[in-house]
Amino acid sequence: MKEILNKNNIEYAYECLNKSLNIGLEFKLNNNVKEKKYYGQNFDHLLQLPSDGVELNTLLDKFKKEVLPYCSNFSNEKFMGFPDAGNSIAGMSGAILADMLQQNLINSSFCAPIATYMEIAVIKWFRELLGYKIKQPIKNIWDVGGIITYGGTGSNATAMLLARENFRNNTMKNGVNNPSDYKILIPKGIGHYSIKSSSMWIGCGDNVVEVETNNFRYNLTALKNALKENKGKVMCVVSYVGDSRTMTIENLKKVHKIVKDFDPNIWLHADACHGFSLAFSEKLKHKIEGIELFDSISTDPHKVLAIPYCVSALLVKEPEKFKLITSTSDLIMQEDYAWGQVTPFIGSKSWVSLKIWFIMNNMGIKKIGKMIENRHNTALKFANMIKSSDDFVLLNDVNINSVVFMFTNGNKNYSLEKINHLNIKIQEKMLDDGKYYLHKFALPDDNGKIKKGGILYPLRYMSGNDNISDKDLRDILNYIRNISKQLI
Ligand SMILES: Cc1ncc(COP(=O)(O)O)c(C=O)c1O
């Protein structure tokens, strides 16, 4: 069959795969976030069941014409809403190879022995960078102290499962009796939905307690009070090492002291999906000091290491805690290195960590550290541009790479409703235009920049794209000014 690779159609395979690669590379280097408007178009033809096939070269042409122009380009310099640029060449190589090699890391011995070993290496590197001890020698999967998952949500869900088992051992077997006894504390208004969802997914219900914040960190008095009020019923306290909105880094040491002094058995989880990147930089790593005291840490390399989706790592301070959530079956090899025994919610497991292995070997820690510093400096520069303008207002201190701001048009007396409305409309117009992208969300006005205690709908710059220049930063501010003229 022409469609299935064999020794006779290798030339054809090269031709098609080269064409796919060219399409992908050209796409990453195009000029806008989206080439064509998606909304308002009719795509019904794409829903038709393909009973007769289309030759692959022709299909690729069709894809390029009919689908590609509507894809969002996260690698473009004008995409400034999220850091997931996915444009490391080594990362792309790792992604392509991982898909081609078809290693299944559910089992080691017959499926993926060397891939398992290399995944262990990647987890070991992250542990080392973040200051967790390394168990040596690593004799089995329970000595590693981490797992690879398909995203921060998966890592957070597994961390909550660990917290639950650590709190009430054998809940895995016996089930949850009184869900409201299994509470999780998070900072109010800035948490990532994955914690609340995880609590519900693992049978602990919607029992997340939101604690008041100051400048997007726990109000420490409120944290102490919440612990007292829920004494004996808190299984976990979550801290953000870069919250999803403002990228503020928690007072890690203080939170650790308060929680562990109150009850050493409460699981402390650091969601460092973004902030673990600072561990690569000699200059910036002091900002995340104390993270090594936490029981678990979520990291999201696909957000911060310029590698393609999807890969995350969950690290656990005491590696053997993974025994709490181990499950075995005769379908998973009960052998020392079968990941399938310690990766809840995941069965067959592709070699997604290969992308990390490639970029870390390709750039090395020092150069990655420089990239992270450059990203931080670009965000500081953008924040300064906003501070020194009289028609924008800055809402956060730049801890990592997020700049949250609103366009005021120079009017200091806008009501909360009016300024929210204007900025929501700006973001809608931006989405419709497809040239630029900044993110939007709800944020409590912790610092009273517009109205203390109010809920704001600001714009957010956050980038992991090394190609962004000062001109790009100036251009987006002018773009906002121009579109707002049409809106006001
Ligand atoms: C702080 C934080 N945690 C977890 C997640 C979830 O990560 P993922 O989308 O990789 O599942 C995100 C995503 O934005 C995040 O910002």
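In each ligand, atom 1 is the first atom listed, and ligand 1 is the first ligand listed. Computed from heavy atoms alone, side chains included, the values below leave out hydrogens, waters and symmetry copies.
With respect to atom 10 (O) of ligand 1, the closest heavy atom belonging to the protein is Asp300 OD2, 2.6 Å. Closest to atom 13 (C) of ligand 1, if we only count protein heavy atoms, is Lys303 NZ, 3.0 Å. The shortest contact between atom 8 (P) of ligand 1 and any protein heavy atom is with Gly152 N, 3.4 Å. Remark: minimum distance from atom 3 (N) of ligand 1 to any protein heavy atom is reached at Asp271 OD2, 2.6 Å. Atom 6 (C) of ligand 1 has its closest protein heavy atom at His192 CE1, 3.3 Å.
Counting heavy-atom neighbours within 6.0 Å of Lys196 NZ, excluding the residue itself, gives a total of 12 or less.
In this pair, Phe280 and Phe126 present their aromatic rings perpendicular. The plane angle is above 60°, beyond the 30 to 60° band.
Residue pairs meeting the side chain to side chain donor-acceptor pair (under 3.5 Å) criterion with at least one member in residues 447-459, sequence neighbours excluded, are Asn215-Asn447.
Numbered from 1 in the order shown, with element, the atoms of ligand 1 that lie under 4.0 Å from a heavy atom of Asn156 read 3 (N), 4 (C). Set against the non-hydrogen atoms of His302, the atoms of ligand 1 under 4.0 Å away are 10 (O).
For the residue pair Asn76 and Asn32, no side-chain donor N or O sits within less than 3.5 Å of a side-chain acceptor on the partner.
Among Phe74, Tyr150, Phe82, Tyr309, the single residue meeting the ring pair (Phe, Tyr, Trp, His ring centres under 6.0 Å) criterion with His302 is Tyr309.
Both the sub-6.0 Å distance and the 45° axial angle are not jointly satisfied by Arg245 relative to the ring of Phe216.
Residue contacts with ligand 1 for Asp243 are absent, since no atom lies close enough (heavy atoms, distance under 4.0 Å).
Closest heavy-atom approach to atom 16 (O) of ligand 1 within the set Pro83, Ser244, Ser312: this belongs to Ser244.
By the side-chain hydrogen bond (donor to acceptor under 3.5 Å, both in side chains) test, Lys254 is found to be paired with no residue, residues two or more places apart in sequence or in another chain being considered.
Checking only distances, Tyr240 never comes within under 3.5 Å of ligand 1, N or O to N or O.
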